[in-house]
Amino acid sequence: MEPTIFDLILSKEIPADIVYEDDYILGFKDVNPQAPVHVLFIPKVRIATHNDLVEDNIDYISKMHLAVNRYAKEISEDENGYRIVMNCNSNGGQTVFHIHMHFLAGRQLQWPPG
Ligand code: 5GP
């Protein structure tokens with residue numbers, strides 16, 4: 001698999017505004033934010049799309065959710081609320097093929113999305 005821009009962020013070959021890190025997950029600000037808070041949470045292993053989740057790597061999803069919870073609490077957006085989005089492939093609007101959770105917060109978000 002070709003490395004993605006997120007592999008280069010993980011290896012610190014290109015800079016990112018990192019706001020969260022643990023043994024499994026990295027969280028950094030989206031370069032093109034869609035809300036006052038827009039952070040991408042990615043696993044520290046390459047999983048290209050949601051379709052590539054299997055028994056052996058599914059625990060990364062739990063770790064991503066825990067990372068989101070910790071970060072939301074840390075920035076005091078847990079009670080206000082937020083949205084988590086995972087895009088898959090073309091119709092989902094996925095552009096970087098290393099799974100990620102978009103964490104969006106800091107304003108009233110509209111539903112349904114476009
Ligand atoms: P997707 O469309 O795949 O769900 O989301 C990819 C996200 O990655 C987009 O929101 C885009 O703004 C963000 N992104 C793309 N390249 C970079 C980059 O080099 N640095 C950061 N911080 N975000 C990026």
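For the numbers below, each heavy atom of this structure counts, side chains included, while hydrogens, waters and symmetry mates do not. Along the sequence shown, residues carry numbers from 1. Ligands are counted one by one from 1 in listed order, and the atoms in each one are counted from 1 as well.
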Nearest protein heavy atom with distance in Å, relative to [atom]:
atom                    : result
atom 22 (N) of ligand 1 : K29 O, 2.8 Å
atom 17 (C) of ligand 1 : V31 CG1, 3.8 Å
atom 3 (O) of ligand 1  : T95 N, 2.7 Å

For ligand 1, note which part of [X] has a heavy atom under 4.0 Å away: side chain, backbone, both or neither.
X    : result
I5   : side chain
Q34  : neither
H100 : side chain
D17  : neither

Query raised in the report: Would D78 and N80 count as a side chain to side chain contact (heavy atoms under 4.5 Å, CB included) if you check the C-alpha gap in whole Å, the side-chain angles of each, and the deciding distance to 0.1 Å?
Result: CA-CA 6 Å; D78 52 334; N80 290 333; over 6 Å; no

**Report entry** Y24 six-ring centre to K63 NZ/CZ under 6.0 Å and within 45° of normal
**Finding:** yes

Requested in this report: Determine the minimum heavy-atom distance between P36 and R107, stating which atoms define it.
Outcome: CD-CG, 3.7 Å

Requested in this report: Heavy atoms only: give me the nearest Y82-L109 pair and the separation to one decimal.
Outcome: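 Smallest heavy-atom distance, with atoms named: C-CD1, 4.4 Å.
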
Got an N/O contact under 3.5 Å between [X] and ligand 1?
X   : answer
A16 : no
N87 : yes
D30 : yes

Query raised in the report: So, are K12 and E21 salt-bridged, with charged N and O less than 4.0 Å apart?
Result: yes

Query - Residue-ligand contact V85/ligand 1, heavy atom below 4.0 Å - result: no

**Report entry** Any F6 heavy atom less than 4.0 Å from ligand 1
**Finding:** yes

Query raised in the report: Does the side chain of Y71 come within less than 4.5 Å of V37's, by heavy atoms?
Result: yes

Query raised in the report: Can the ring centroids of H100 and F41 be said to lie less than 6.0 angstrom from one another?
Result: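 No, they do not, as the ring centres are separated by 6.0 Å or more.
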
Query - Candidate pair F6 and F28, rule ring-ring contact (aromatic ring centres under 6.0 Å, His included), full reasoning - result: CA-CA 10 Å; F6 291 175; F28 53 91; 5.3 Å; yes

Query raised in the report: Are any side-chain N or O atoms of E79 and backbone N or O atoms of E77, one a donor and one an acceptor, separated by less than 3.5 Å?
Result: no

Query raised in the report: N32 heavy atoms, cut-off 4.0 Å: which ligand 1 atoms fall inside?
Result: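 Heavy-atom distances to N32 below 4.0 Å select 12 (O).
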
Requested in this report: Using a strict 4.0 Å cut-off to heavy atoms of I9, name the atoms of ligand 1 that fall inside it.
Outcome: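 The list of qualifying atoms is 20 (N).
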
